[in-house]
Chemist: 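Below: one structure in structure tokens.
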Amino acid sequence: MGHRNKVLIIDDEPTNIRMLAEALRMDYEAFFATSGERGLTLAAEQSPDLILLDIMMPGMDGYTVCKSLKSDGRTKNIPVIFISAKSLLEDELQGLDQGAVDYITKPFQVPILKARVKTHVNLKRKYDLLESLACLDDLTEIANRRRFDSALDEEWRRCRRTFQPLSLIMMDIDYFKRFNDHYDHTAGDDCLKRVARTIKQCLKRAGDLVARYGGEEFACLLPDTDLEDAVKIAEKIRLAVDQLQIDHADSPVSDHITLSLGVAMTLPFPDRRPTVLVDSADARLYRAKANGRNQVASTKVVAV
Ligand code: GH3
Ligand code: MG
Ligand code: MG
């Protein structure tokens with residue numbers, strides 16, 4: 001049997017947890033939390049495919065847990081089913097209003113519970129598949145512009161909370177129009193794929209993201225990375241692409257494909273916007289081009 005879908009049970013009553021876990025054991029990897037607070041932590045760390053959530057719990061109640069799950073980017077797409085002894089219409093409505101996909105009253109029938117869990121887990125898998133496809137660039141199979149924009153937004157907010165620097169490398173292939181004209185478009189596409197793969201291989205940390213920003217332009221988002229380290233990574237990428245030795249007979253700067261790179265770093269203060277990072281890296285990229293291409297130019301953004 002391959003991958004098993006994960007279901008998180010959040011309930012303060014061990015008896016309830018045992019009963020639910022027993023019902024799901026055969027088909028899912030079930031794990032549990034006995035408080036809302038712990039449930040939130042586990043949900044963020046483990047990314048379950050579904051959450052079964054009790055409402056009446058000491059400390060944080062189920063409604064609050066649900067609201068919190070829905071407001072966190074890491075957990076907002078996990079379907080939540082309330083399982084509660086509260087059987088009034090208002091209770092059910094309030095649960096659904098908090099963003100739950102379903103509401104099951106206790107005592108529940110095991111086959112019904114299993115059927116509903118199965119429905120929502122299947123929907124979640126389909127959603128995940130579509131979401132991952134919608135984030136990929138068709139040609140190079142790295143992240144696309146849409147994914148980059150949302151990651152920039154997310155990382156900007158996260159770095160602001162944690163007072164960490166955020167760095168960005170913007171990259172552009174040198175004289176790529178001439179490459180397409182001299183060879184052909186198919187050769188151009190192959191070149192883009194190889195360059196994308198090479199850039200990706202230069203990034204080591206889990207939080208780093210490489211995306212195709214535009215035609216022959218790529219971007220690397222580097223959270224918790226200061227300027228010095230970002231410049232090192234940029235130089236490593238420049239060298240790696242240089243060493244691919246993809247022939248470019250019509251390039252005025254080299255006999256093979258080269259990259260120009262612009263690096264910018266900033267601390268995401270509340271009065272700054274993510275666009276300042278993109279604009280600064282772009283301006284440096286332009287500088288690298290003007291200075292002769294096949295090189296890295298960098299800047300620290302100190303004021304807006
Ligand atoms: P520079 O060194 O100043 O960056 O010059 P350049 O020729 O690389 O820049 P320019 O913006 O003039 O041309 C970019 C070229 O990239 C034009 C376009 O044909 C090519 N291009 C963009 N997207 C693709 C693609 O998906 N496949 C291929 N084969 N070529 C592409
Ligand atoms: Mg309870
Ligand atoms: Mg170019």
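When a ligand or atom number is given, it counts from 1 through the structure's own listing order. Worth knowing before you read on, the calculation uses all heavy atoms, side chains too, and leaves out hydrogens, waters and symmetry mates.
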Chemist: State whether the side chain of K70 and the backbone N or O of K76 hold a donor-acceptor pair below 3.5 Å, judged by distance alone.
Modeler: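 The answer is yes, because a donor-acceptor pair under 3.5 Å joins these two groups.
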Chemist: Would you please say whether a donor-acceptor pair under 3.5 Å links the side chains of S150 and D153?
Modeler: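 Checked: S150/D153 side chains show no N/O donor-acceptor pair below 3.5 Å.
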Chemist: Side chain, backbone, both or neither: which part of D189 comes within less than 4.0 Å of ligand 1 when only heavy atoms are counted?
Modeler: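 Near ligand 1, D189 shows its backbone as well as its side chain.
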Chemist: Among all protein non-hydrogen atoms, which one is nearest to atom 16 (O) of ligand 1, and what is the separation to 0.1 Å?
Modeler: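 For atom 16 (O) of ligand 1, the nearest protein heavy atom is E216 CG, 3.0 Å.
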Chemist: Suppose we only count N/O/S atoms under 2.8 Å; would F176 qualify as near the Mg ion (ligand 3)?
Modeler: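 False for F176.
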Chemist: Ligand 1 and F176, any nitrogen or oxygen pair closer than 3.5 angstrom?
Modeler: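 F176 vs ligand 1: N/O contact under 3.5 Å present.
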Chemist: I'd like to check whether R178 has a polar contact with ligand 1, where a contact means an N/O of the residue lying under 3.5 Å from an N/O of the ligand.
Modeler: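 Min N/O separation from ligand 1 is not below 3.5 Å for R178.
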Chemist: Do I81 and I104 have side chains that approach each other closer than 4.5 Å (heavy atoms only, starting at C-beta)?
Modeler: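 SC-SC contact between I81 and I104 confirmed.
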Chemist: With only distance considered, is I173 within less than 3.5 Å of ligand 1 through an N or O on each side?
Modeler: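 It does: an N or O of I173 is found under 3.5 Å from an N or O of ligand 1.
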Chemist: Would E217 count as a contact residue for ligand 1, given that I'm defining contact as a non-hydrogen atom of the residue lying under 4.0 Å from a ligand atom?
Modeler: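 Under 4.0 Å: no for E217.
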Chemist: Distance to 0.1 Å, residue and atom name: give those for the protein heavy atom nearest to atom 5 (O) of ligand 1.
Modeler: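 That would be Y175 N, 3.6 Å.
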Chemist: Can you tell me the N, O or S atom of E216 that's nearest the Mg ion (ligand 3)?
Modeler: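 The E216 atom nearest to the Mg ion (ligand 3), restricting to N, O or S, is OE1.
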Chemist: Does the structure place the NZ or CZ of R145 under 6.0 Å from the centre of the six-membered ring of Y213, at an angle of no more than 45° from the ring's axis?
Modeler: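 Judged by the rule (NZ or CZ under 6.0 Å from the ring centre, within 45° of its axis), R145 counts as positioned above Y213.
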Chemist: Side chains of S260 and N294: does their closest heavy-atom pair fall under 4.5 Å?
Modeler: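 Counting from C-beta outward, S260 and N294 never come under 4.5 Å.
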Chemist: Check the angle between the aromatic planes of F176 and F179 and answer parallel, tilted or perpendicular using the 30° and 60° thresholds.
Modeler: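 Taking F179 first and then F176, their aromatic rings lie parallel (interplane angle under 30°).
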Chemist: Looking only at side-chain N and O atoms, does N144 offer a donor or acceptor that is under 3.5 Å from a partner on R212?
Modeler: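 No, no side-chain donor-acceptor contact under 3.5 Å.
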Chemist: Do me a favour and list the nearest non-hydrogen protein atom to atom 23 (N) of ligand 1 with residue, atom name and distance?
Modeler: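 Protein heavy atom at minimum distance: G215 CA, 3.3 Å.
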Chemist: Could you identify the N, O or S atom of D172 positioned closest to the Mg ion (ligand 3)?
Modeler: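 Result: OD1.
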Chemist: Just jot down the ligand 1 atoms closer than 4.0 angstrom to any heavy atom of L192, in number order.
Modeler: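 Here the atoms of ligand 1 in question are 24 (C), 25 (C), 26 (O), 27 (N), 28 (C).
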Chemist: Tell me whether K232 is salt-bridged to E235, with the criterion being a basic N under 4.0 Å from an acidic carboxylate O.
Modeler: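 Looking at E235 together with K232, the answer is no, because their closest N to O distance does not fall below 4.0 Å.
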Chemist: With distance as the sole criterion, is a donor-acceptor pair present between the side chains of D137 and T140 under 3.5 Å?
Modeler: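 Yes, a side-chain donor-acceptor pair sits under 3.5 Å.
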Chemist: Which residue supplies the protein heavy atom nearest to atom 1 (P) of ligand 1, what is that atom called, and how far is it?
Modeler: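 For atom 1 (P) of ligand 1, the nearest protein heavy atom comes out as K289 NZ, 3.4 Å.
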Chemist: Side chain, backbone, both or neither: which part of K193 comes within less than 4.0 Å of ligand 1 when only heavy atoms are counted?
Modeler: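 None of K193 does.
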Chemist: Of R293, K177, R212, H185, which has the heavy atom at the shortest distance from atom 12 (O) of ligand 1?
Modeler: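 Shortest heavy-atom distance from atom 12 (O) of ligand 1: K177.
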Chemist: Looking at atom 18 (C) of ligand 1, what's its closest protein heavy atom, distance included?
Modeler: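 Here the nearest protein heavy atom works out to N180 ND2, 4.0 Å.
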Chemist: Is it the case that the side chains of H248 and D255 hold a donor-acceptor pair, with the cut-off being a distance below 3.5 Å and no angle test?
Modeler: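 There is no such pair (donor and acceptor under 3.5 Å, judged by atom type) between the side chains of D255 and H248.
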Chemist: Quick one: does H120's side chain have a donor or acceptor within less than 3.5 Å of a partner on D102's backbone?
Modeler: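 Judged by distance alone, no pair lies under 3.5 Å.
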Chemist: Determine, counting only non-hydrogen atoms of the protein, whether one lies under 4.0 angstrom from atom 26 (O) of ligand 1.
Modeler: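 True for atom 26 (O) of ligand 1.
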Chemist: Looking only at heavy atoms, is any part of T186 under 4.0 Å from ligand 1, and if so is it the side chain, the backbone, or both, or is it neither?
Modeler: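 Neither part.
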Chemist: In ligand 1, which numbered atoms sit nearer than 4.0 Å to a non-hydrogen atom of G188?
Modeler: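 What qualifies from ligand 1 is 29 (N).
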Chemist: Taking atom types as modelled, find out whether T258 and D174 have a side-chain donor-acceptor pair closer than 3.5 angstrom.
Modeler: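 Per modelled atom types, T258 and D174 side chains form a pair under 3.5 Å.
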